[in-house]
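Just the heavy atoms: all of them, side chains too, but no hydrogens, waters or symmetry mates, feed the values below. This structure is a prediction, so every number in the text was calculated from the model and none was measured.
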Number of protein chains: 2
Amino acid sequence: MSASDRLIESTRELLWERGYVGTSPRAIQQRAGAGQGSMYHHFSGKPDLALAAIGRTAEEMRAGVEEILGGPGTAVERVSAYLRREREVLRGCPIGRLTQDPEVMADPALRRPVEETFGWLRDRLAAVLAEGRDRGEFDACLDPARTAATVVAVLQGGYVLARAAGSPEPFHEAADGVLALLSRA
Amino acid sequence: MSASDRLIESTRELLWERGYVGTSPRAIQQRAGAGQGSMYHHFSGKPDLALAAIGRTAEEMRAGVEEILGGPGTAVERVSAYLRREREVLRGCPIGRLTQDPEVMADPALRRPVEETFGWLRDRLAAVLAEGRDRGEFDACLDPARTAATVVAVLQGGYVLARAAGSPEPFHEAADGVLALLSRA
DNA sequence: GTCTATAGCTCGATAGAC
DNA sequence: GTCTATCGAGCTATAGAC
């Protein structure tokens, strides 16, 4: 693993744990076992490094989601698999947490991957739900786009509840709740 | 308005906008129009000031929610009023955003009001939903606690989606989505 | 490509005058 | 109760040797 890669991985971890404002170049270097010279040789500064880290995380997330939503099963089964997928709930969502960071949202380059990831996710879920509705899994009046937004929101909000409670339980409760509503729709 | 009050109000605003890590005593003082001496006379430091600010915000939020959930109307009407209540969606939730702050969650004193507020909110919503179920508004197999978690999660996640999109629209979509599911449950 | 040294700044907090 | 002066530490970044 090259120094550049180690720096990106360290940045990913720290952005996830502490956010952009709470992450210093110094901390990144120490976790990566690299010096300042190395970091500023490969990247122009903190924003540049963050961009590489966020891009990699967004890519990974899309691939992971696509593996489930593009897989076999009914719409309900796939949405259920997505919501119940194994997760380190208390760590939260590495992309979602960036929306709380004013400096990330103020920088168009850093903000774009966040916006695009959630846009893609909502569209992808809406397609699965529309497929299920057309196959008669749901009531014909179910609105795919709206319901997709609800499902993604339950996930993101579930992380918030779990962190507030200091326990993964509310996350799973919220997910089970929306699945119960969905399977009777 | 006393200097102490101005300091608390400034802290509330800054915690909402920038989080705990992103908020400096210096910035608080400047927004409050107070000097360092004043701040450190009234408060022992940043954590003490944050505690006062968070406590006040939590109290305000509970009062606002109780006004709606304790008001007249069916369960669906009250939950709907809560979700559709006028909000500055893009600012997010002043309590929910604190869950993303590692230093807040690491300090038991700062964390307690966050944990308690969400605990209370879920219980309060569960009570409203149980009432509705017992009155025959919902299917008898609706789980109040689970569904309450879902509703709160939709709200918190709705803020995340809205901020990611740079528009309040996904928030309202997610809220409408869960209300549509709920009114057919 | 990586190192050390250093810059100018802000951080959170304390001291002591008034 | 509020002011100014100051502290030691960490921040992001640059310079220049190797």
Side-chain angles (χ1 to χ4, degrees), chain A residues 1-56 97-98 100-111, chain B residues 1-56 97-98 100-111:
Chain A
M1 205 179 192
S2 70
S4 170
D5 269 328
R6 289 202 316 276
L7 284 161
I8 293 177
E9 288 306 309
S10 301
T11 307
R12 295 217 294 155
E13 290 173 17
L14 284 164
L15 285 181
W16 196 353
E17 290 168 21
R18 311 194 31 87
Y20 185 82
V21 176
T23 297
S24 68
R26 184 172 225 273
I28 293 168
Q29 294 151 24
Q30 284 176 343
R31 190 172 294 211
Q36 302 197 31
S38 180
M39 182 189 131
Y40 284 103
H41 171 75
H42 293 289
F43 302 95
S44 69
K46 180 174 163 176
D48 189 29
L49 195 37
L51 185 61
I54 294 171
R56 194 178 278 188
R97 84 111 60 224
L98 299 172
Q100 300 299 325
D101 225 305
E103 299 193 20
V104 170
M105 300 318 275
D107 182 332
L110 295 181
R111 187 209 171 108
Chain B
M1 204 180 196
S2 70
S4 170
D5 270 329
R6 289 202 315 276
L7 284 162
I8 292 177
E9 288 305 309
S10 301
T11 306
R12 295 216 297 154
E13 291 172 17
L14 284 164
L15 285 182
W16 196 355
E17 291 167 22
R18 310 193 31 87
Y20 185 82
V21 176
T23 296
S24 66
R26 185 173 224 271
I28 293 169
Q29 294 152 22
Q30 284 175 344
R31 190 174 291 213
Q36 303 197 31
S38 181
M39 184 189 128
Y40 283 102
H41 171 76
H42 292 288
F43 302 95
S44 69
K46 181 174 161 176
D48 188 30
L49 195 37
L51 185 61
I54 294 171
R56 195 178 279 189
R97 88 107 60 220
L98 299 172
Q100 300 299 325
D101 225 306
E103 299 195 18
V104 170
M105 299 317 276
D107 182 333
L110 295 181
R111 188 210 171 108

- prompt: Which heavy-atom pair separates B:Pro102 from A:Arg97 by the least distance, and what is that distance?
  reply: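 B:Pro102 and A:Arg97 have their closest heavy atoms at CD-NH2, 4.1 Å.
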message: Tell me the closest heavy-atom pair linking B:Arg111 and B:Met105, and the distance in Å.
response: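 In this case the closest contact between B:Arg111 and B:Met105 is NH1-O, 3.5 Å.
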Rounded off to whole Å, could you give me the [atom1]-to-[atom2] distance for the [X] and [N] pair?
X: A:Met39; N: D:dT14; atom1: CE; atom2: P; result: 10 Å
X: B:Gln36; N: C:dA13; atom1: CD; atom2: P; result: 11 Å
X: A:Gln30; N: D:dG10; atom1: CD; atom2: P; result: 9 Å
X: A:Arg26; N: D:dT12; atom1: CZ; atom2: C1'; result: 12 Å
X: B:Phe43; N: D:dG1; atom1: CZ; atom2: P; result: 12 Å
X: B:Gln29; N: C:dG12; atom1: CD; atom2: P; result: 10 Å
X: B:Asp48; N: C:dG12; atom1: CG; atom2: P; result: 15 Å
X: A:Lys46; N: D:dT14; atom1: NZ; atom2: C1'; result: 18 Å

- prompt: Heavy atoms under 4.0 Å, any strand shown: does B:Ser2 hit a base, just sugar-phosphate, or nothing?
  reply: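 The residue B:Ser2 makes no contact with any strand.
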- prompt: Within the structure shown, what part of the strands sits under 4.0 Å from A:Ser4 by heavy-atom distance: base, sugar-phosphate, or nothing?
  reply: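 Here A:Ser4 touches no strand at all.
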task: Begin from the C-alpha positions of B:Ile8 and B:Phe43 and carry the test side-chain contact (heavy atoms from CB on, under 4.5 Å) through to its verdict.
output: CA-CA 10 Å; B:Ile8 292 177; B:Phe43 302 95; 3.6 Å; yes
Compare the minimum distances between each of [options] and the side chain of [X], then state the nucleotide with the smallest one.
X: A:Pro25; options: D:dT12, C:dT2, C:dG12; result: D:dT12
X: B:Tyr40; options: C:dG1, C:dG12, D:dT14; result: C:dG12
X: B:Pro47; options: C:dG1, D:dT12, C:dA13; result: C:dA13

- request: Map B:Ala27 and A:Gly37 onto DNA chain C by nearest heavy atom, then report which one ends up closer to the 5' terminus.
  value: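 The residue whose closest nucleotide sits nearer the 5' end is A:Gly37.
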Pair A:Glu17 + A:Arg31: basic N to acidic O under 4.0 Å: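 Looking at A:Arg31 together with A:Glu17, the answer is yes, because their closest N to O distance falls below 4.0 Å.
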message: For B:Glu9, is there an ion pair with B:Arg6 - N to carboxylate O distance below 4.0 angstrom?
response: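 Salt bridge: no.
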task: Indicate whether OP1 or OP2 belonging to C:dC3 is found under 4.0 Å from a side-chain N or O atom of A:His41.
output: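 So the side-chain polar atoms of A:His41 never come under 4.0 Å of the phosphate oxygens OP1 or OP2 of C:dC3.
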- request: Establish, with yes or no, whether the OP1 or OP2 oxygen of D:dC11 is under 4.0 angstrom from a side-chain nitrogen or oxygen of A:Ser24.
  value: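 Yes, such a contact exists.
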